[in-house]
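Just so it is clear, the model here is predicted, and its values are computed rather than measured. We number each residue from 1, following the sequence as shown. Both ligands and their constituent atoms are indexed starting at 1 by order of listing.
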Amino acid sequence: MSNPTPARKRVLSGMRPTGKPHLGNYMGALHNWVRLQNDPQYECYFFIADWHALTTDYADTSQIKQNTLDVAIDYLAAGLDPAGSVLFVQSHIPQHAEFHLLLSMITPLGWLERVPSYKEQQENLKGKDLSTYGFLGYPLLQAADILIYQPDFVPVGQDQAAHVELTREVARRFNQFYKCPDRSEILPEPQVLLTPSPKLPGTDGRKMSKSYGNTILLSDPEPEIRAKLKTMVTDTARIRRTDPGNPDKCPVGDLHKIFSSQQTLAKVYEGCTTAGIGCIECKSWAADAIVSALAPIQERRLHFEQHPALVADIFNDGARRATARAEQTMHEVRAAMGLAGATAQ
Ligand code: TRP
Ligand code: SF4
């Protein structure tokens, strides 16, 4: 008797379209997603959370469509591929909204109020009025995004771990209230798959982040990358060319550790600590490494930019596949909750 093929583990993750993806988004998410996609033991779903962009940008929605397209192109440019992953846009799957509404009925307010990002973001984005229903519900919309695909794993960064924890609590509560006649647990609790994230500084030495304006974009042309590297801060103890420095205390050193070969890295340590090289030269090596890491990504980006219909086709087909999977869960959910919609179709 031959062994049946074990079921593949389902993986789901997403990103908010708040601007063009940068190196931090790549190292912190996309790079890891591509790895999961290319591992045959996983069945992958990756989406663009455009409704989530509304939770903070509701007053000016003019960028969301373009940002969604930019992220879609960068997903494909980074190596996500419809042959290996279901790629889609959240707002193309209205079932997420239906599920969010149903989950909102069983979610205690206190659970949402104590999600750490709720108060933090309100503090950080003082210029925006975030005392809205939608902003409070953000993590629950995320829970709906996740649970509707009944995934095993949700690969995210540490900053999202609390949202996955809330998702697990909501699933547990749902399963206590509503049962399926033929299956006791409708919503399996997904596990967080923490993305290992190397320290990736932006040009000012702080964590690379759009809100700090210190990013290197995946779509930046080579001269732009080189210009940004030139302005990058270095080991502050290395004031004069003749002062030795320490790559472990230098943001440029951090970039070398991620992108440069062992050989270049050795030259950086040797040259920096003995004042044998200048920072300008060292930065140009870091730029070389980043430019060559981004070359295949930019080549694919160009291809998709030149063929927008191809991008639309990929995401439309992804919507079709995601809808089929989401509908399957919603069918069970409606039935278990005793809703009339369960008998429709
Ligand atoms: N909140 C996530 C972020 O800001 C984006 C997101 C929305 C998400 N829904 C999700 C991530 C579901 C993982 C799973 O990055
Ligand atoms: Fe940083 Fe390189 Fe200058 Fe050393 S030589 S301080 S690692 S930029």
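- In this model, no donor atom of one side chain and acceptor atom of the other lie less than 3.5 Å apart for H256 and T264.
- Scanning the protein heavy atoms around atom 3 (Fe) of ligand 2, the nearest turns out to be C279 SG, 2.3 Å.
- Closest to atom 14 (C) of ligand 1, if we only count protein heavy atoms, is I146 CG1, 3.6 Å.
- The nearest protein atom to atom 5 (S) of ligand 2, hydrogens excluded, is given as R238 NH1, 3.0 Å; this is a heavy-atom distance.
- Summary of contacts: the protein heavy atom closest to atom 9 (N) of ligand 1 is D145 OD2, 2.8 Å.
- In the vicinity of C282, heavy-atom distances shorter than 4.0 Å reach the ligand 2 atoms 2 (Fe), 5 (S), 7 (S), 8 (S).
- Near C272, meaning under 4.0 Å from any of its heavy atoms, are these atoms of ligand 2: 4 (Fe), 5 (S), 6 (S), 7 (S).
- Exactly one of V333, T329, I186, T167 qualifies for a side chain to side chain contact (heavy atoms under 4.5 Å, CB included) with L147. That residue is T167.
- The ligand atoms of ligand 2 that sit less than 4.0 angstrom from a heavy atom of T234 are 8 (S).
- With D220 as reference, K228 is the one residue of K228, H22, K20, R226 to meet the side chain to side chain donor-acceptor pair (under 3.5 Å) rule.
- Taking every non-hydrogen atom of Y138 and a distance limit under 4.0 Å, the qualifying atoms of ligand 1 come out as 1 (N), 2 (C), 3 (C), 4 (O).
- Residue contact check: D235 has heavy atoms under 4.0 Å from atoms 6 (S) of ligand 2.
- Less than 4.0 angstrom separates some heavy atom of A49 from each of these atoms of ligand 1: 7 (C).
- Distances from atom 1 (Fe) of ligand 2 show that C250 has an N/O/S atom below 2.8 Å.
- Both tests do not hold together for R325 against Y149: distance to the six-membered ring centre under 6.0 Å, angle to the ring axis within 45°.
- Of all protein heavy atoms, the one closest to atom 5 (C) of ligand 1 is G14 O, 3.8 Å.
- Here is the list of ligand 1 atoms found below 4.0 Å of a heavy atom in S13: 13 (C).
- Here the heavy atom of the protein found nearest to atom 15 (O) of ligand 1 is Q160 NE2, 3.7 Å.
- Salt bridge annotation for E43-K9: absent, with no cationic side-chain nitrogen under 4.0 angstrom from a carboxylate oxygen.
- Under the 6.0 Å cut-off for aromatic ring centres, Y138 and Y118 do not qualify, their centroids lying 6.0 Å or more apart.
- Between H307 and H303, the ring center distance clears the sub-6.0 Å criterion.
- For atom 8 (C) of ligand 1, the nearest protein heavy atom (residue, atom name, distance) is Q142 NE2, 3.5 Å.
- Side-chain contact annotation: D50 with S91, donor-acceptor N/O pair under 3.5 Å present.
- R173 forms a cation-pi arrangement with W111, by the criterion of a distance under 6.0 Å to the ring centre and an angle within 45° of the ring axis.
- Relative orientation of the Y75 and F315 rings is tilted, given thresholds of 30° and 60° on the angle between their planes.
- Residue V252 approaches ligand 2 through these ligand atoms, each under 4.0 Å from one of its heavy atoms: 8 (S).
- If you look at Y45 next to ligand 1, there are no close heavy atoms at all, none under 4.0 Å.
- A salt bridge is absent between R238 and D235; no separation between the charged side-chain nitrogens and carboxylate oxygens falls under 4.0 Å.
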